[in-house]
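Residue numbering restarts at 1 for every chain, and letters A, B, ... go by the order of the sequence lines.
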There are 2 protein chains.
Amino acid sequence: MKQTDSASVSRNYHHGDLYQSLLFTATEMIAEGGTESLSMRKLADRVGVSRTAPYHHFKDKNALLCAIAEQGFERVEKLLHEVRIKEESESLEMIFTQYVHTYIELAYKHREQYDLMFGREIWRNGTPTESLHNRSRQHFKSWLKWIEHLCDEKVLHVGDSTLRTAQVCWATLHGLCRLFNDGIYTEQSHLDEMVDTAVNMMLKNT
Amino acid sequence: MKQTDSASVSRNYHHGDLYQSLLFTATEMIAEGGTESLSMRKLADRVGVSRTAPYHHFKDKNALLCAIAEQGFERVEKLLHEVRIKEESESLEMIFTQYVHTYIELAYKHREQYDLMFGREIWRNGTPTESLHNRSRQHFKSWLKWIEHLCDEKVLHVGDSTLRTAQVCWATLHGLCRLFNDGIYTEQSHLDEMVDTAVNMMLKNT
DNA sequence: AATCAATCTTGACAGTGTCAAAATATCGTT
DNA sequence: AACGATATTTTGACACTGTCAAGATTGATT
């Protein structure tokens, strides 16, 4: 039903910590009904505060969306980090394949947030927060490092620059995510096969 | 109902044929300032007609957007058709590479229209017109046929089903388009290299 | 207790999509 | 040529949206 600041810092000021409440509820609303269904007014209403109260914690609707997107980046960053830890136990091909599967699952599970992370709403129409900019750059850097490693180990194609390889590989993942997230492909049951095909394309063919 | 044949121009009625004018001007406005900058009211204003006049030619804003997207599909369909004609003169690898370059150029040149063709605005939030549905299906069918041909000729990877190959290859192109169209990658100068890398990934490695 | 800044509310404005009803123009008949 | 049906356009209205300015409330600091 309601969450009423599960965080700490209770009961000072009118609401407690509105910032966290707003962020939490906004993420919830987006997950429920898409980015379009999130309006500053409805958000305020649901948190139980007046229309313009959120504007003292987020400069803009844009700023709020950036904050939500940022949390998404934290999630995938964590995923990537976990993968690189267990590197020893299995073959690199296997790990890579699994990562791709998980990445796309994650993107679908939190599709609205994913859309925010890489959508035009923020990156073209809006103006990405400095903080968001940094975090996304940071994440791509992590990705790039891993791809470099995979190239060194001859798991992925070589020949082209690793930077381009990293960009194109990610673009492939991203393309698949968009297809499903945007509702162009709807057959969820084909997804696994498509991912395997994509991975085959990316891996070095022995 | 009504059909509003596009063929005859005919100067009858108040405006002439509003339908065509609306479609044309809307496409123009979208190209100028993005999908978000297109409002039914501003459109009507620019065409020189009252706010609600467009609603007698397009059921919805959604219907208008679908019509614009449809024209985009006509364009790429034409491109694909042209490619398949000159099949004799050059190597299939060369033709495929060129097609990919042209496709992505086209997507960037008409990025707003491209976004409409494959964006959530229509396919997830809105409801694609029956007509749009058909045309997009038709286009994918053409694409699939070509990919099948390329697989037969051992130009592309074999091993996975050609359907999946077609889907994933297109997803890769699409991913690249989105990266640039959505403003995530901004270095236009890297595009050609990235496309080459992507093509290398897709082609059968000899 | 008085002051100050942080926090929240009320009021307002311009913009959006779209429905209902009224006005107007054109066409097909007579 | 006149008239009624019909296609086309307009005016008015409603419920939304983001966000600014000004005022009110509260907590902490002096």
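- Contacts between residues 120-130 of chain B and DNA chain D, counted as heavy-atom distances below 4.0 Å, involve no residue at all.
- Between His174(A) and Tyr103(A), the side chains place no donor N or O within less than 3.5 Å of an acceptor N or O (distance only, hydrogens not considered).
- Summarising the geometry, the separation between CE on Met40(A) and P on dT9(C) is reported as 14 Å, rounded to the nearest angstrom.
- Proximity note for Leu18(A) (side chain, C-beta onward) versus dT10(D), dT17(D), dC8(C): the nearest is dC8(C).
- The ring-ring contact (aromatic ring centres under 6.0 Å, His included) check on His101(A) picks up nothing, with sequence neighbours excluded.
- Atom CD of Glu36(B) is separated from atom C1' of dG18(D) by 15 Å (rounded to the nearest Å).
- Sorted by residue number, the members of residues 51-68 of chain A with any non-hydrogen atom under 4.0 Å from DNA chain D read Thr52(A), Tyr55(A), Asp60(A), Lys61(A).
- Taking atom NZ of residue Lys42(A) and atom C1' of nucleotide dT16(C), one finds them 14 Å apart after rounding to whole Å.
- For an aromatic pair to be called close, the ring centres must be under 6.0 Å apart, and His81(A) with Trp146(A) fails this.
- Asp17(B) places its CG atom 14 Å from the P atom of dT26(C), with the value rounded to the nearest Å.
- Classification of Lys61(A) and Glu121(A) as a salt-bridged pair fails, no side-chain N sitting under 4.0 Å from a carboxylate O.
- Side chain Arg41(A) to base dG18(D): a donor-acceptor pair is found below 3.5 Å.
- A donor-acceptor pair shorter than 3.5 Å can be found between the side chains of Glu77(A) and Ser142(A).
- One finds no salt bridge joining Arg124(B) and Asp115(A) here, because no Lys/Arg side-chain nitrogen approaches an Asp/Glu carboxylate oxygen to under 4.0 Å.
- When all heavy atoms of Tyr185(B) and Gln167(A) are compared, the closest pair comes out as OH-CG, 3.3 Å.
- Salt bridge present: Arg46(A) and Glu32(A) bring a charged side-chain N and a carboxylate O closer than 4.0 Å.
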